[in-house]
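First up is the structure itself, then whatever we jot down about it.
Every chain is numbered from 1, with letters handed out A, B, ... down the list of sequences.
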Amino acid sequence: MLTRLIPHPLLSLTLVFVWLGLVNTFTLGNLLLGGFLAIVIPMLTAPYWPNRPKIGKPLKGLEYVLIVLWDIVVANVQVAAIILFKRQKNIRSQWVVMPLELHSAEAITVLAGTITMTPGTVSATLAADGGSILVHCLHTDDTDAVRDEIKTRYERRLKEIFE
Amino acid sequence: MIEAAILFAAGCYGLALLLDLWRIALGPNAADRILALDTMVINVIALLVLYGVWRGTAIYFEAAMLVAMVGFVSTVAYCRFLLRGDIIE
Amino acid sequence: MEFLVASAVGTMTAGGVYLLLRLRTFPVILGLALLSYAVNVFLFSSGRLAIDMSPILSKYGEASYTDPLPQALVLTAIVISFGMTAVLVMISLGAFLEADSDKIDIDETDANEDVAK
Amino acid sequence: MSHWIILPVVLPAMLAPIIGFVMRYDIVLARVTSTVGTVLLLAISLGLVMMAADGTTHIYRLGDWPAPFGIVLVLDRLSALMVLLTSALALMVLLHAMASGWDNRGRHFHALFQFQLMGICGAFLTGDVFNLFVFFEILLIASYGLMIHSGGRDRMRAGLQYVVMNLAGSTLFLFALGTLYASTGTLNIADLAAKIPLIPAEEAGLVRVAAMLLMIVFAVKAALFPVQFWLPATYSNAPAPVAALFAIMTKVGAYAILRVHTVVFGPGVAGTDGMIDAWLFPAAIVTIALGAFGVLGAKRLMPLISFSVVGSMGTLLVAVAVFSPVATTAALYYMVHSTFAAACLFLIADLVVSRRDGDALTAAHPTVQNGLFAAIFFAAAIAMAGMPPLSGFLGKLLVLDALREPGLMGWAWTAILAGSLLTIVGFARAGSTLFWKSTAIPVLAPEETADDADGSDDTPPPNRATPAEVAPVMLTLAALVGLAVFAGPVASYLEQTSTQLFDRAGYISAVLAPGEET
Amino acid sequence: MSFIAELLIAISLVVSGIFGFVGSYGLVKLTDSLQRLHAPTKATTLGVGGVLIASMIFFYAETGYLSIHELLISVFLLLTAPITANFIAKTYIARNLKKTDLPDSQSTCGWSIYDDPPESRPGN
Amino acid sequence: MSTSGNLLFLIALLPFIGALVPGLMIRAGRNATATFTAVPTALALILLLTMAPAVLNGETIQAEIEWLPQLGLSVSFFLDGLGLLFACMILGVGLLITLYARFYLSGEDPVGQFYTYLLLFQGAMLGIVISDNILLLLVFWELTSLSSFLLIGYWKHLPEGRQGARMALAVTGAGGLAMIGGMLILGNIAGSFNLTDILQAGDAIRASEWYLPALILILLGAFTKSAQFPFHFWLPHAMAAPTPVSAYLHSATMVKAGVFLMARMWPVLSGTDAWFYIVATTGLVTMVLGALIALFKDDLKALLAFSTVSHLGLLTMLLGFGTEAAAIAAVFHIINHLTFKAALFMTAGIIDHETHTRDIKRLGGLRHVMPLTFLIGTVAALSMAGIPLFNGFLSKEMMLEEASHTYWAGSAYAVPVLATIGALLSVAYSFRFIGHVFLGPVRDDYPAKPHDPPFGLWAAPALLVILVVLIGVMPFLADGIVAAAASAVTGAELDPHLKIWHGVTPALFMSIIAVVGGAALLALHAPLDRAWIKARRPEAKAIFDGLVASIVGLAQRFTAGSHNGAISRYLAIFTVTSVVLGAIAFMGGGLSAPTRDMLPIPAVIAVGWIMLIVATISVVTMHHHRFRALVLIGIIGLTISAGFVYMSAPDLALTQISVETVTIMLLLLALHFLPKETPRESPMGLKIRDGLIAVAAGAGVGGLSFAFMQRDIPTISDFHIANSYEGGGGTNVVNVILVDFRGYDTYGEIIVLGIAGLLIYALMHALLEGPAARRLRNRDYAQDRSRDRHPLMMVVVTRVLMPIALLVGIYIFLRGHNQPGGGFVAGLVVAIALLMQYMASGFAWTQDRQRIEYHTLIGFGVIIAGLTGVGAWVFGAPFLTSSYTYVNLPPIEEFELATAMLFDLGVFLTVLGAVMLMLYSLSRIARYAGSTVNVTPMDYDPGSRVDDGSEST
Ligand code: NA
Ligand code: NA
């Protein structure tokens, strides 16, 4: 029953925050309205999200977010430096193939997103069975190092969170 | 100080827009153009928020948010068109 | 500023008219799209230009507002031209699928050839 | 508070979604609803004509906002007349569409039809130029749907051209409205009429541009030279009942010229005085010539009728161009007449063409009821060409009589009379080929057709027209006869109508009067 | 408004402006389409982030309320930017590269641009 | 002296009532039809005769009903001597023709139609002669053209009939149209269209500067109708009609309408040099020419037709003389010509009927086999020749008498000589009719074996020749009617004494010359005929046909060339017209001095301007690459939206950007089916032309907006700002205008969208049911596609984004009344959210989970908006009157409820429904084009590898 009422609790919670963010003033009325919408909208959209991803450790999730945010800042500075100061001919871009241990679609998506947001890498495509990610690396000499860092820094954590 | 910073940021984004335009006009391939347009969208979002800060009002916020939303959708649509032909299969 | 707006309207109109006069449906659609941008800005400019005077009434004190009426007219015009564009797109698609040609002019000899095909 | 005035808009606007969205799987239900709605509309418009007959200008303030700030509907004799004309024509066309089965040859005919009526009635009733634009768009988009109803290659291509032309026209409309608002600060017709005369002639540049552009916009709808090119292909490729309904669409353009360019930029307004007439008149003359030449040169029946519509618009606009009450009376009479005449021709053409292999003007096996069709066609052609005893002749006489000013007479009379001659000859050639020459070809019995080894077996043997199919044509003819027989009373209503139209002060004070509804 | 607030706002704006510019500069400077992909998708997110932070501080300093709706735009961009980049990359690959230009997927299937997904489900 | 006689209405109406009879009676057989057709005619004649004594006494009988008083058109009739004469002729001969036709027409001919047309014609003709209103006269005049068109074309399977009918209609129709002009002028000069009034105003009319145009126009009508040179050529071709028609229309009645008109207008128009020279000369020329041609016609009916032309010329000439004596002669000759010519036509019909030929060269000797016909024909022909003791002699004598003392341009001989030649030729062809048809030996090669016809056929001509002889011997019998008619023509009391012997006058000599000369000429006929056949002369029919063909050809070429389906040219003309007329309009006015200072240009705005200009120019230069053009359009939309934000129009910005996105989606969906490139086919000249037009239009529009942006004016929107909050309950004035002040516009606008949805849906069905569907099926859209249709990442992100986007949509909807936003933008945002889902997981999968049909959404939207408007009626307020209230529900803070929001909900639903229905329709077409249906939300869910029991289906 509760699953039917709130099919995706995390989504509902997000929606309440988004609503408060939208109206940008915290009042009881807004909270009630936000809460109401946070229940109604996921109910309406539930058919489009048939499965319910398991989030094993939400606190790990928070840790992951903070790490990624920090990495994004760093990535920006690094990439900015490459763009501004490196000569074109000295930029060595390479493909990196990332075999995946993750199976959850949500986890794979987060990983791919993280790769794109972090140092000098863009996830270009997935294998048709979701078994690996093709990553484009802006500038590196050691593709294995890149792969390993992604594996240890992100994939391991995501595996903990989602599985 | 804020005024100056706003002016600086606006100048940066203005230049950025021109560079985006340069890339869209020259291409050479479609992916470049889509990328440049997407960048342009993001620069415009920044400018809209910047304008809100400058005028000290929040009424331009929705515009920025909406631009973010539709910018995403249209970028995906442009890509899907090139990838699959039919954007809604 | 006024000059920029006016010249932009003029340029978009010129571009729109040029494309409107092309011989295939797609450029014509693009032309009408450009024209509708142009006419929207034109209509908007009939309320004169104003910076940061959005016609959203402030609850505090006196403020001056730009003319809201042309904005409302432009909104109506945008919506209508959206509906029209959708219809135009669909009909041009229909004409293309029926005739197997996206020429916009109907040429008698051309039409006969098509039938012969 | 009388809500009658808005009923011609609200009734179809409420019925159309019900037909289109609720009853969309049941043609019978749609037919019944559509018919009941149109009959009601006719009854309402009769009521409105009676309401307006006493000469009062009735105002309906939408949203209860006073003019010029809100939108008002204005019911005077002219708008009442136009609404009545629309609904009467609509009923005839609807009956034909149902009897001939046209309405079932594609989706959503009835919903589009009701929306079309809503748009037309709204355009006639509004007292606001921007709202006029909105209702133009409604009637146009509905007409796009009706135009391409049931599809097909030629219709689709012609429909595309129709849409493109009108989108260009709508764009110009907005440019004109922007200019108008920018130079007057108002959109209400009465308010414009009050403000524009105050603009001194030497500062009237912008207003003049607006007036001129508006005239071109309306001219596109009214098929005036040089923006008439779209009409023949559109009308001749539209489904016949739709073409018949379109007979009123050109009149919307003429109406708009009458309303706006009489009340707002009318005679005596310093800034725009004489500007419109100077262009409208020669353009109308050329339009007559184009129509007449087209009738004579047409190789197919539907274009022939379409060109006769062009010619009739020319005659109508020649009278409009004078901008005097007498000429306007003539124009109005001719407008009513030519609407029914065009509709009658398109409907009879449908009866004939649907029983032949296309509308080419060549001799073919005569249809089963050759004599009947020939007689109706003859009568309709007489009306359209302006031969007695039907209303066309009286309309033409009125127009000629109204154009007695020495400067205009030579051109106008020559054009109208020579145009009539070419039209008569064109119709005579067409009719004698279609109905007379065909009798030289023996009628094929149905079984012979079936035995025909040439493989022309895809044309079904011609079937007899049912009374229901013939009745609408007869109704249009009856309208023409009625218009001729009761020409006196009709003309006296129209005389009062044009007097009221030219009473600008009366219009302004009625619309802008504060408070009480009249 | 406190000096600290002003300073923070100014710094955020300047940082934002720099990154905004660099993103587009990279777009023009880099010669390879895949390289260009790195420039705007990274730099502009932080660029916009900077303005948004500035805006938040500004409104907090002005009104005393914490305005959080700026965060929504950031969240939105963070969610969508990877997808956008992914699509653009695929578009480039699909239109400009051959299957052999890419390394092996090291999985049971090839890259999804060129290979169909496995027939793991009935009706798929 | 005039008396009112409402019987006139009945008389005028009877033929038209009679026209209905054959249609009913034809079921009862031919005899019944003929009999009952005769009844109304007979009745009318009897009624007419009851009035005759009064008219002969000099009274006029009048009756009037108003018809179109605004024009001065009334149904008014009057009967005077002239009218009486003609009316009697029309009805009397009508009766005879009814009888004759019954026996003449064959069993295969549709007799009912014939009598209907005949009576229509009779009514029209009768109307002409008793009309007291010249506009009414015009009505009947044109009706005779129309009904004669039907009668001439009666044998519709014969090309001669059709062509003859069209020619007659064209010529007499043209004349009729000219006459309309003439009559209108005449009425304007006289100040009335009533004939009796006009007849009083002769002096004023002749003095008017408009006299000559009126005269010429009216005479054009009369001359064409009465087949006067050079319009005479249609009459012989009208002989394709059945003989009863020829006898009735083309000898007795219709062709006399022109003569009648000249007689009718005689008091008004005659008496001037113009009248004399135009009318008399035309008549004279026609008389001689007609007679000459008649002499060489071998077809009996053609001979009679040209003889009729000649006699009509004679009448015209007499009227042209403008003297009272001539008028008397004309009136008398009208009667005489009627009697002998109708009899002759009937005789010709009998001969044709019996021998199956009308070719004089194949006839001869009929005297022996058809004695009765011979008798009738000979008497009539002798009268035509002007032989004494027959009535033709009397009036011809009077004509020659008048001619003998008429001067033409100072010459005393021109008219008498030519008149004599005319008479001579007339004698010749009359004798030829007798000699070559009846006299001579009996031939054995008649196409049929001739004998005298049954009584029904010869009765009518016999009656007529009895009149020929009676009047010829006792002319005083006609005194009364001729006096009455001639008095009516001249407007003077005339009392002619018709007698056989006028003494030895010049006319007698001329007559003798004519008879002797005519006989001599006939003797020389054979060689003359050979010479005539050899001679080259203009063939009127060929000239006319050539003229018509060239006008038709010209019209065809012109129409096909001008309306050639080249919409791009139509649009070019439209644009040029707008620009040129706009410029002219502007230059006729002027501008006030600028009142506004221009706003400064910040650098970023200048950048925006550059983007807009570059993008626009790029769209134009790169439009051949359609996809690229769409990307560039994206820039324009984005820039304009940003510009709206800058220029205080946040609502516009929101709307513009979301509409633009949806529009681009639609264009992309459509482009999928269309060619991806536009061929480069415009020649350079065209490009330059279009470029010039475009620049002119752009300059015009830009200049216009630049002009008004520099000038301030007071506008009505101060009211809106002042009343938005108090009256409309909202602080977003733009939104309050949209849903309240001008909610009616918005109502219209959502209806446009609703219609668009309907239309697109209907069109989709039409396409999928037509040949387009086949084309779609055969087309392969699958080339070089990427293999991933529904990428995993997109699907996952959409699952989070869509609910957020929906939330944003609701937010924008709820705040619209007070802040930027509203139903329209909200509808688009929600549509975009759904669109995201469609793009991620595909059409079919998403559609399967769709619970509300888009049709229903539109319907509800339009109905809700409408009902909100109608709801105001309950409170006695006009449509769309809004009301609002503030609700205080503790513990929630106060919030506003406004009916305008309900209206906005209607807007929201319609927009959402319409957009989705459009996308749905396009997708259905795409699916039809061969895309397979996906059953899963993403291409492949890697999660399914480990836990197959997941609930993902
Ligand atoms: Na990125
Ligand atoms: Na709004």
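Of the listed residues (F:Glu660, F:Arg569, F:His624), the greatest number of heavy-atom pairs within a distance under 4.5 Å of chain C belongs to F:Glu660. Ranked by heavy-atom pairs shorter than 4.5 Å toward chain F, the options C:Asn40, C:Thr66, C:Thr76, C:Thr25 are led by C:Thr76. Listed options F:Ala560, F:Gly702, F:Gly565 were ranked by heavy-atom pairs under 4.5 angstrom with chain C; first place goes to F:Gly565. Of the residues considered (F:Ala756, F:Gly748, F:Ser717), F:Ser717 shows the highest number of contacts with chain C, using heavy-atom pairs under 4.5 Å. Interface summary for chain F: among C:Ile80, C:Val9, C:Val39, the most heavy-atom pairs under 4.5 angstrom belong to C:Ile80. Interface summary for chain C: among F:Thr575, F:Thr655, F:Ile721, the most heavy-atom pairs under 4.5 angstrom belong to F:Ile721. Contact count versus chain F (heavy atoms, under 4.5 Å) is highest, among C:Met1, C:Glu2, C:Arg24, for C:Glu2. Highest contact tally toward chain C, considering only F:Leu763, F:Val695, F:Val915, is held by F:Leu763 [criterion: heavy-atom pairs under 4.5 Å]. Most heavy-atom pairs under 4.5 Å with chain F, from the set C:Leu69, C:Leu21, C:Thr11: that is C:Leu21. Of the listed residues (F:Asp745, F:Thr746, F:Ile636), the greatest number of heavy-atom pairs within a distance under 4.5 Å of chain C belongs to F:Ile636.
Only the side chain of F:Arg596 comes within less than 4.5 Å of a heavy atom of chain C; its backbone N, CA, C and O stay farther away. Only the side chain of F:Ile640 comes within contact range of chain C, with at least one heavy atom under 4.5 Å from a heavy atom of that chain. At a 4.5 Å heavy-atom cutoff, the contact between F:Leu759 and chain C is made by side-chain atoms alone. Using a 4.5 Å cut-off between heavy atoms, F:Ile716 touches chain C through its side chain atoms alone. Only the side chain of F:Phe824 comes within contact range of chain C, judged by heavy atoms closer than 4.5 Å. Interface residue F:Val752: only side-chain heavy atoms are found under 4.5 Å from chain C. Proximity to chain F (any heavy atom under 4.5 Å) is shown, for C:Ser46, by both the backbone and the side chain. Residue F:Met598 touches chain C through both its backbone and its side chain, counting heavy-atom pairs closer than 4.5 Å. For F:Phe644, the part lying near chain C is the side chain, with the backbone staying farther off; criterion is any non-hydrogen pair under 4.5 Å. Only the side chain of F:Leu753 comes within contact range of chain C, judged by heavy atoms closer than 4.5 Å. For F:Ala914, no part lies under 4.5 angstrom from a heavy atom of chain C. Heavy atoms closer than 4.5 Å to chain C are found in both the backbone and the side chain of F:Leu666. Using a 4.5 Å cut-off between heavy atoms, C:Leu19 touches chain F through its side chain atoms alone.
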Please list every donor-acceptor pair under 3.5 Å in which a side-chain atom of residues 86-95 of chain C meets a protein atom from a residue at least two apart or in another chain.
| from | atom 1 | to | atom 2 | distance (Å) |
| --- | --- | --- | --- | --- |
| C:Ser92 | OG | C:Leu88 | O | 3.1 |
| C:Ser92 | OG | C:Val89 | O | 2.8 |

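In this structure a side-chain-to-backbone donor-acceptor pair under 3.5 Å is missing from C:Thr13 to C:Ala38. Put simply, the side chain of F:Lys676 never gets that close to the backbone of F:Phe627: no donor and acceptor are under 3.5 Å apart. A donor-acceptor distance shorter than 3.5 angstrom exists from the side chain of C:Ser101 to the backbone of C:Lys103, with no hydrogens or angles considered. Between the side chain of C:Gln71 and the backbone N or O of F:Ser648, at least one donor-acceptor pair lies under 3.5 Å. Judged by distance alone, with hydrogens and angles left aside, the side-chain atoms of F:Arg689 form no donor-acceptor pair with the main-chain N or O of F:Ala572 at under 3.5 Å. No donor-acceptor pair under 3.5 Å is formed between the side chain of F:Arg775 and the backbone N or O of F:Pro771.
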message: As a quick check of understanding, evaluate side chain to side chain contact (heavy atoms under 4.5 Å, CB included) for C:Arg22 and F:Ser568, giving each step before the final call.
response: CA-CA 7 Å; C:Arg22 297 303 91 208; F:Ser568 39; over 6 Å; no
message: The test is side chain to side chain contact (heavy atoms under 4.5 Å, CB included); show your working for F:Phe708 and C:Ser45 and say whether it passes.
response: CA-CA 8 Å; F:Phe708 60 63; C:Ser45 70; 3.5 Å; yes
- prompt: Can C:Phe44 and F:Met647 be said to form a side chain to side chain contact (heavy atoms under 4.5 Å, CB included), step by step?
  reply: CA-CA 10 Å; C:Phe44 170 77; F:Met647 293 183 291; 3.8 Å; yes
message: Using salt bridge (charged side-chain N to carboxylate O under 4.0 Å, His left out), reason through C:Asp102 and F:Arg626 one step at a time and then give a plain yes or no.
response: CA-CA 13 Å; C:Asp102 67 342; F:Arg626 294 178 174 185; 2.7 Å; yes
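With sequence neighbours left out, F:Thr663 forms a side-chain contact (heavy atoms from CB on, under 4.5 Å) with C:Phe82, C:Thr85, F:Val659, F:Leu667.
Residues F:Tyr747 and F:Ile751 are in side-chain contact: their nearest non-hydrogen atoms beyond the backbone lie under 4.5 Å apart. The shortest side-chain heavy-atom distance between F:Ile693 and F:Val579 does not fall under the 4.5 Å cut-off.
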